[in-house]
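Data block below; observations after.
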Amino acid sequence: METNLTRRSFGLLTLGAAACLPAVGLAKGFAHPEVLEQPEALLQGATDAVLVDLRPEEDYRKGHIPGALHLDANAVAAPDSPVEGALRPTAEIEAMLGGLGIGPTSRVVFYDDRGGFHAARMFWLMEYLGHRGASVLNGGWAAWRAAGGSPAADVARPAPAKFAGAISPRRLATADYILSHSADPDTVVVDVRPTELYAKGHMPWAINLPWSQNLRDDKRFRSAGDLLAHFSDRGVTPERNVVLHCQNGLASAHSYVALRLLGYPRVRVYHRSWAEWGADPALPKAVG
């Protein structure tokens with residue numbers, strides 16, 4: 001008997017087992033579990049990863065994961081851009097990453113204290129720059145402390161490295177890209193802002209799936225089965241070309257992490273997001 005599984009049916013069979021896994025093992029149900037670093041695994045011993053703390057510097061200096069380096073959460077954003085969240089020139093970002101000791105083969109774990117809100121943007125940015133080996137600490141600082149982590153107060157001094165990206169255009173969406181795909185049935189645009197902001201103004205063809213719904217109450221990502229149902233029930237399926245946007249490129253990156261965990265192959269972030277689209281009178285908008 002011949003068996004013919006589509007990508008979607010294969011994913012459902014694979015991910016369905018996640019419901020019976022213990023909390024620490026939920027990542028095993030994902031197509032790409034390496035996207036998440038589990039706090040418990042980090043506590044089991046020394047790691048060769050570069051740990052990057054994206055919390056406010058004052059909090060970092062009070063205590064952080066041993067060996068972690070500090071990076072301001074908005075350091076990669078262009079300070080003088082009229083579009084909130086627009087990125088600095090690539091060369092500046094590469095120099096910033098190299099200054100943290102991140103090289104072309106470095107494994108990197110980003111964490112924050114907002115359920116991965118800031119760490120996700122750095123993960124997306126690393127993939128956009130063509131870097132393999134980045135991950136997000138599941139649950140962030142709070143989960144690591146809850147798992148028994150003992151903070152350190154020393155400030156690490158990394159040895160500078162040479163970081164040279166190889167930009168992956170398929171990870172980025174622009175306003176022109178979205179306009180050109182507005183009538184494409186193979187493309188779905190997801191607005192991940194809170195529902196009340198979506199109601200005040202959104203792209204006419206965008207659906208609303210708030211980023212906060214990616215998380216459990218403890219700020220860890222939901223199980224693979226839950227996330228797959230959450231997205232696919234609204235038509236955001238692995239076969240489609242998915243474009244994510246928010247207000248300024250942060251929250252959209254969080255949903256990018258969720259979809260990459262699930263193995264969605266075609267996912268883009270419109271990082272200039274509503275900050276650009278909403279301010280441009282020439283771009284179409286809807287309310288309600």
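The first residue in the sequence is number 1, and the count goes up from there.
Around atom NZ of K285, more than 12 heavy atoms belonging to other residues, nucleotides or ligands sit under 6.0 Å away.
At least one cation-pi condition fails for R193 and W211: the charged atom is not both under 6.0 angstrom from the six-membered ring centre and inside a 45 degree cone around its axis. Within the cation-pi definition used here (under 6.0 Å to the ring centroid, within 45° of the axis), R260 does not qualify as a partner of F123.
L42 and V257 fall into different hydrophobic clusters, where Ile, Leu, Val, Met, Phe, Trp and Tyr residues are linked whenever their side-chain heavy atoms come under 4.5 Å apart, directly or through other members. Under the 4.5 Å side-chain heavy-atom criterion for Ile, Leu, Val, Met, Phe, Trp and Tyr, W124 and W274 are members of distinct hydrophobic clusters. Y264 and V188 fall within a single hydrophobic cluster, where Ile, Leu, Val, Met, Phe, Trp and Tyr are joined by side-chain heavy atoms under 4.5 Å apart, directly or via other members. In the hydrophobic cluster analysis, where Ile, Leu, Val, Met, Phe, Trp and Tyr join through side-chain heavy atoms closer than 4.5 angstrom, V269 is grouped together with L209. Residues M122 and L137 do not share a hydrophobic cluster, defined by chaining ILVMFWY side chains whose heavy atoms lie under 4.5 Å apart.
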Can R132 and E127 be said to form a side-chain contact (heavy atoms from CB on, under 4.5 Å), step by step? CA-CA 7 Å; R132 301 289 182 90; E127 289 216 329; 5.6 Å; no
M126/I102 under side-chain contact (heavy atoms from CB on, under 4.5 Å): CA gap, chis, key distance, verdict: CA-CA 11 Å; M126 296 294 279; I102 301 172; 4.0 Å; yes
Step by step, work out the side-chain contact (heavy atoms from CB on, under 4.5 Å) result for E58 and Y60.
-> CA-CA 5 Å; E58 179 182 359; Y60 169 80; over 6 Å; no
*Dump the intermediate steps for side-chain contact (heavy atoms from CB on, under 4.5 Å) on R240 and F231, then the final yes or no.*
CA-CA 12 Å; R240 302 185 77 180; F231 287 103; over 6 Å; no
- Message: If you apply the rule salt bridge (Lys or Arg N to Asp or Glu O under 4.0 Å), what do you find for D186 with R266, and how did you get there?
- Response: CA-CA 11 Å; D186 190 43; R266 295 189 294 161; 2.8 Å; yes
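Side-chain contact annotation: S273 with N248, donor-acceptor N/O pair under 3.5 Å absent. Side chain to side chain, Y256 and R121 fail the donor-acceptor criterion of an N or O pair below 3.5 Å. N241 and R170 share no donor-acceptor pair across their side chains, judged by distance under 3.5 Å alone. For N214 and H254, the side-chain atoms include at least one donor-acceptor pair closer than 3.5 Å.
Not a single donor-acceptor pair under 3.5 Å links the side chain of E57 to the backbone N or O of D72. No donor-acceptor distance shorter than 3.5 angstrom exists from the side chain of H230 to the backbone of D226, with no hydrogens or angles considered. The main-chain N or O of A173 is never found under 3.5 Å from a side-chain atom of R268 such that the two would form a donor-acceptor pair. Side chain of T47 to backbone of A49: a donor-acceptor contact under 3.5 angstrom is found. Distance alone, capped at 3.5 Å, is enough to place a donor-acceptor pair between the H64 side chain and the D154 backbone. Formation of a donor-acceptor pair under 3.5 Å by the N138 side chain with backbone atoms of F221 is found in this model. The backbone N or O of D191 lies less than 3.5 Å from a partner atom in the side chain of N208, making a donor-acceptor pair.
Side-chain contact between R107 and D48: present, with at least one pair of heavy atoms (C-beta onward) separated by less than 4.5 Å. Using a 4.5 Å heavy-atom cutoff, the side chains of V155 and H70 are not in contact. Taking the side chain as every heavy atom from C-beta outward, T187 and W205 never approach each other to under 4.5 Å. With a 4.5 Å cut-off on side-chain heavy atoms, F30 and L227 count as touching. For the pair W277/L179, a side-chain contact is recorded, criterion being any heavy-atom separation below 4.5 Å from C-beta on. Here the side chains of S135 and V109 are in contact, with some heavy-atom distance below 4.5 Å. Residues I207 and V189 have side chains not in contact (no heavy-atom distance under 4.5 Å, counting atoms from C-beta outward). By the 4.5 Å heavy-atom criterion applied to side chains, R220 and Q38 are counted as neighbours.
The only option from V190, L262, L244 that meets the side-chain contact (heavy atoms from CB on, under 4.5 Å) definition with V267 turns out to be L244.
Closest non-hydrogen pair, P39 versus A147, comes out as CB-CB, 4.3 Å. The minimum heavy-atom distance linking P210 with T195 is given by the pair CG-OG1, 3.7 Å. Nearest approach of I167 to P169, heavy atoms of both residues: O-CD, 3.2 Å. Residues P281 and A279 share a closest heavy-atom pair of CD-O, 3.3 Å. Of all heavy-atom pairs between P158 and L69, the closest is CD-CD2, 3.7 Å. The shortest non-hydrogen separation linking L129 to L97 is CD1-CD1, 4.0 Å.
Between K200 and E196 there is no salt bridge, since no side-chain nitrogen of the basic residue lies less than 4.0 Å from a carboxylate oxygen of the acidic one. Between D112 and R114, no side-chain nitrogen of the basic residue sits less than 4.0 Å from a carboxylate oxygen of the acidic one, so the salt-bridge criterion is not met.
Taken to the nearest 0.5 Å, the OG atom of S81 stands 8.5 Å off from the CD atom of E276. In this structure, CG in L71 is found 13.0 Å from CZ in R55, a value given to the nearest 0.5 Å. The structure places OG of S180 at 7.5 Å from CG of D176, a figure rounded to the nearest 0.5 Å. In this structure, OG on S255 lies 9.0 Å from CD on Q213, to the nearest 0.5 angstrom. To the nearest 0.5 Å, the span separating CG on L172 from CG on L87 amounts to 8.0 Å. Atom CD1 in I93 sits 8.5 Å away from atom OH in Y128 (nearest 0.5 Å).
Using the six-membered ring where Trp is involved, Y111 and W141 have ring planes that are parallel, under 30° apart on the 30 and 60° scheme.
Taking the six-membered ring for Trp and the full ring otherwise, the centers of H131 and F163 sit less than 6.0 Å from each other.
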